[in-house]
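Heads up, the thing below is written out as structure tokens.
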Amino acid sequence: MKLINLKNKSIASDYVAVELLKLIQSTPTATLGLATGNTMTEIYPRLSELLTVNCVNLNDIKTFNLDEYVGLNSSHPQSYYTYMHQLLFDHNDWNERNVYIPRGDAPHLEEEAQAYEQRLASIGQPDIQLLGIGENGHIGFNEPGTPFNSQTRIVDLTDSTIKANSIHFDTIDDVPKQAISMGLQSIMRAKRIILLAFGERKQEAISRLIHGPKTETLPASILQTHPNVEIIVDDVIFNHLNNITKRVEQNSF
Ligand code: F6R
């Protein structure tokens, strides 16, 4: 894993948007693994701008989103379908036939999850997978305790995830309690993984990801065994990690 301090969300978002543009230009049939949440909000508008000014052909680009809330249909304002369309897919000429987002309102959710996993496997490895991280170390909606060999399935969200996501809903009771999420094994298929984390609330999870053991109690720790992972952080997290390292060094003298 490479830890990279890009100072703040704005610079980090520019970096990721440019990396996605480079991939799309060099590999017009590329597969992108996409994430949602606050961490990603500036990446997609930046990417859209870059795609516009560079007149990029997106016809054969495939995208897979990590997850969707169970029970929300695509027109719900808080669905990840709406999020992705507002920030990215409604701009430029994305080919809707190549845009994959799990359906949280599918009549048979387990079948939807299995079909999503099969589609992902048949299309091949994502060239780049974007990830955010939960305060509890989740990636996708793979909460602590998720087996490392998990695939796309229906998951129960933990109370801390429901609370963190409640800022987007009128009341905490409106937050879905379940999601359909790619599994840890599904995520590990990607050729290159870029995980982003900003701010104090994520510093503990990143510190455990970098310094702690590989354990199912911190789902993100599976990334320690992936050959090509970048962890992009801001000054807040980087300084925290630096302070921990200095404290450990001081203690060893
Ligand atoms: C979203 C996802 C989640 C988020 C994580 C961080 O598609 O899979 O793992 O990346 O919950 O969320 P934010 O960025 O809102 O802090």
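Atoms within a ligand are numbered from 1 in the order they appear, just like the ligands themselves. Note that these values count all heavy atoms, side chains included, but never hydrogens, waters or copies made by symmetry.
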Tell me which residues fall inside the under-4.0 Å heavy-atom shell around ligand 1. Ala35, Thr36, Gly37, Asn38, Thr39, Leu66, Asp67, Gly132, Ile133, His138, Gly140, Lys202
Do Tyr44 and Phe89 make the cut of ring centroids closer than 6.0 angstrom? no
Provide the full list of side-chain hydrogen bond (donor to acceptor under 3.5 Å, both in side chains) pairs with a residue in residues 205-216, sequence neighbours left out, each pair given once. Thr215-Thr217
Of the options Arg201, Lys202, Lys163, which is the one that meets Glu135 in a salt bridge (charged side-chain N to carboxylate O under 4.0 Å, His left out)? Arg201
Donor-acceptor contact present, side-chain Ser150 to main-chain Leu184, <3.5 Å: yes
Under a side-chain separation threshold of 4.5 Å, the hydrophobic residues clustered together with Ile180 are Val70, Leu109, Ile154
Glu143: which residues meet the salt bridge (Lys or Arg N to Asp or Glu O under 4.0 Å) condition with it, sequence neighbours left out? none
